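These notes concern the structure reproduced below.
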Amino acid sequence: MEIDLGSDSDTEVEAQEVESVLSDEEGAIRGLSALPVENSTDRRALCARCSRPQKVCLCPFLPVCPLDVSTSLYIVQHPAEEGRVLRTVPLLAACLPHEKCKVLIGRRFGEERYPELATVCRNPGTFILYPGAEAANLEEMSLADIQPPYALIIIDGTWSQAKDIFYKNTLFRLPKQVQLKTPISSQYVIRTQPTNMCLSTLECAAAALSVMEKRTEIQEIILRPLQALCSFQLQHGAQIHHSKEHLLKTGLYNKPMPKNKRKLKKMELLVNNVKI
């Protein structure tokens, strides 16, 4: 049986076509190689201390040396907060010694995966800052009868995220629940808060540490980088964000009202000054 392999002329044509395809591919590759490659040094370099881009570094507003505090902070951060651009936790951490401010990222915190946190939660000197009917006012508590070391757990996230973390992690039901009694208006004006009295994580930590350490200057020192951050953002086009409570009361809330009855009820409570 004979197999027709084609004539010599057909073979030459096929070879030319293959060579043409290869030359086109090589040309494309050469073209790609000629494109400028993003150099890691061209990206916005971040400051190692404040985690801000170096051009807008806030280190001049941080304490020269980390604050000397006896209380250990444990920031339990929802994963969604990690990706936010204008975060306050890096500024808070930059004000304190590394061993006094630990950030744990996640939604669920089990004893097996977080043995150190489990030990801290069982320590009688540990408190968790979360408002509610069962929470004691931190300003009215006496630490004299509680043996150190002291630790404070703060949940970093939106109110719904914080609620989910608090109630779905049994470890966080072990420490004594506390809240801040003194009304403080948030200075974090570049992010919308639910109510006028809602504070950022940095502001909560600053106020709580000031009380627990009995040093009023702590609050002022920790707030400085936040004030500088907001001032810089406002000078470069950012707008002041009023709380949702303020917008509802003044009739400036321009978003569609929720159809969900539960969410609608929350808005009514905000307008009527009922604590949610």
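On a predicted model such as this, the values are computed, not experimentally measured, just so you know.
Tested against L129 for a side chain to side chain contact (heavy atoms under 4.5 Å, CB included), the candidates I154, I153, L73 yield a single pass: I154.
The side-chain heavy atoms of L223 and L202, taken from C-beta on, include a pair separated by under 4.5 Å. Residues L92 and L96 have side chains in contact (heavy-atom distance under 4.5 Å, counting atoms from C-beta outward). Side-chain atoms of L117 and F172, non-hydrogen and from C-beta on, do get closer than 4.5 Å to each other. Counting only heavy atoms from C-beta outward, the side chains of P53 and L46 approach each other to under 4.5 Å. You'll find the side chain of Q219 reaches within 4.5 Å of the side chain of I184, heavy atoms only. Residues L229 and L58 have side chains in contact (heavy-atom distance under 4.5 Å, counting atoms from C-beta outward). C57 is listed as a side-chain neighbour of C50, based on a closest heavy-atom distance under 4.5 Å. Residues P225 and C95 form a side-chain contact, since some pair of their non-hydrogen atoms from C-beta on lies under 4.5 Å apart.
Rounded to the nearest 0.5 angstrom, C121 SG and K176 NZ are separated by 15.0 Å. Separation of atoms CD1 (I222) and OG (S210) is listed at 8.5 Å; rounding is to 0.5 Å. To the nearest 0.5 Å, the span separating OG1 on T201 from OH on Y188 amounts to 9.0 Å.
M212 and V76 end up in different hydrophobic clusters when Ile, Leu, Val, Met, Phe, Trp and Tyr side chains are linked at under 4.5 Å. The hydrophobic clustering, which links ILVMFWY residues whose side-chain heavy atoms are closer than 4.5 Å, places L91 and V69 together. A chain of hydrophobic side-chain contacts below 4.5 Å, direct or via other Ile, Leu, Val, Met, Phe, Trp or Tyr residues, connects F127 to L180. A single hydrophobic cluster is seen to contain both L152 and L143, as judged by linkage of ILVMFWY side chains at heavy-atom distances under 4.5 Å, directly or through other members. In terms of hydrophobic clustering, with Ile, Leu, Val, Met, Phe, Trp and Tyr side chains grouped at heavy-atom distances under 4.5 Å, V89 and I155 are assigned to different clusters.
Within the structure, no pair that satisfies the ring pair (Phe, Tyr, Trp, His ring centres under 6.0 Å) test touches residues 54-81, not counting sequence neighbours.
Remark: R224 pairs with E220 by the salt bridge (Lys or Arg N to Asp or Glu O under 4.0 Å) rule, at least two apart or across chains.
Under a 3.5 Å cut-off, the side chain of E139 and the backbone N or O of V211 do not form any donor-acceptor pair. For the pair T126 (side chain) and R122 (backbone), a donor-acceptor distance under 3.5 Å is absent. Panel note: side chain D156, backbone I75; no donor-acceptor pair is recorded below 3.5 Å. For the pair R113 (side chain) and G110 (backbone), a donor-acceptor distance under 3.5 Å is absent. The backbone N or O of C47 lies less than 3.5 Å from no partner atom in the side chain of R52, so there is not a single donor-acceptor pair. Under a 3.5 Å cut-off, the side chain of E213 and the backbone N or O of T71 do form a donor-acceptor pair. Put simply, the side chain of N169 gets close to the backbone of R107: a donor and an acceptor are under 3.5 Å apart.
Considering all non-hydrogen atoms of both residues, E81 and R87 come closest at O-CD, 2.9 Å. Residues S185 and E203 come closest through the heavy atom pair O-OE2, 4.4 Å. When every heavy atom of S70 is checked against every heavy atom of K100, the shortest pair comes out as O-NZ, 3.1 Å. A pairwise comparison of heavy atoms in I218 and A206 identifies CG2-O, 4.3 Å as the closest pair. In plain terms, the two heavy atoms of G125 and I146 that are nearest each other are CA-CG2, 3.7 Å. R49 approaches C65 most closely through the heavy-atom pair NH2-C, 4.5 Å.
By the 30° and 60° cut-offs, the orientation of the rings of Y130 relative to Y167 is perpendicular.
Grouping Ile, Leu, Val, Met, Phe, Trp and Tyr residues whose side-chain heavy atoms lie under 4.5 Å apart, directly or via other members, places F232 in a hydrophobic cluster with V56.
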message: With side-chain contact (heavy atoms from CB on, under 4.5 Å) as the criterion, how do N137 and Q179 come out once you've worked through the C-alpha distance, each side chain's angles and the decisive distance to 0.1 Å?
response: CA-CA 5 Å; N137 295 326; Q179 62 186 1; 3.2 Å; yes

- prompt: Would T119 and E111 count as a side-chain contact (heavy atoms from CB on, under 4.5 Å) if you check the C-alpha gap in whole Å, the side-chain angles of each, and the deciding distance to 0.1 Å?
  reply: CA-CA 9 Å; T119 301; E111 187 167 353; over 6 Å; no

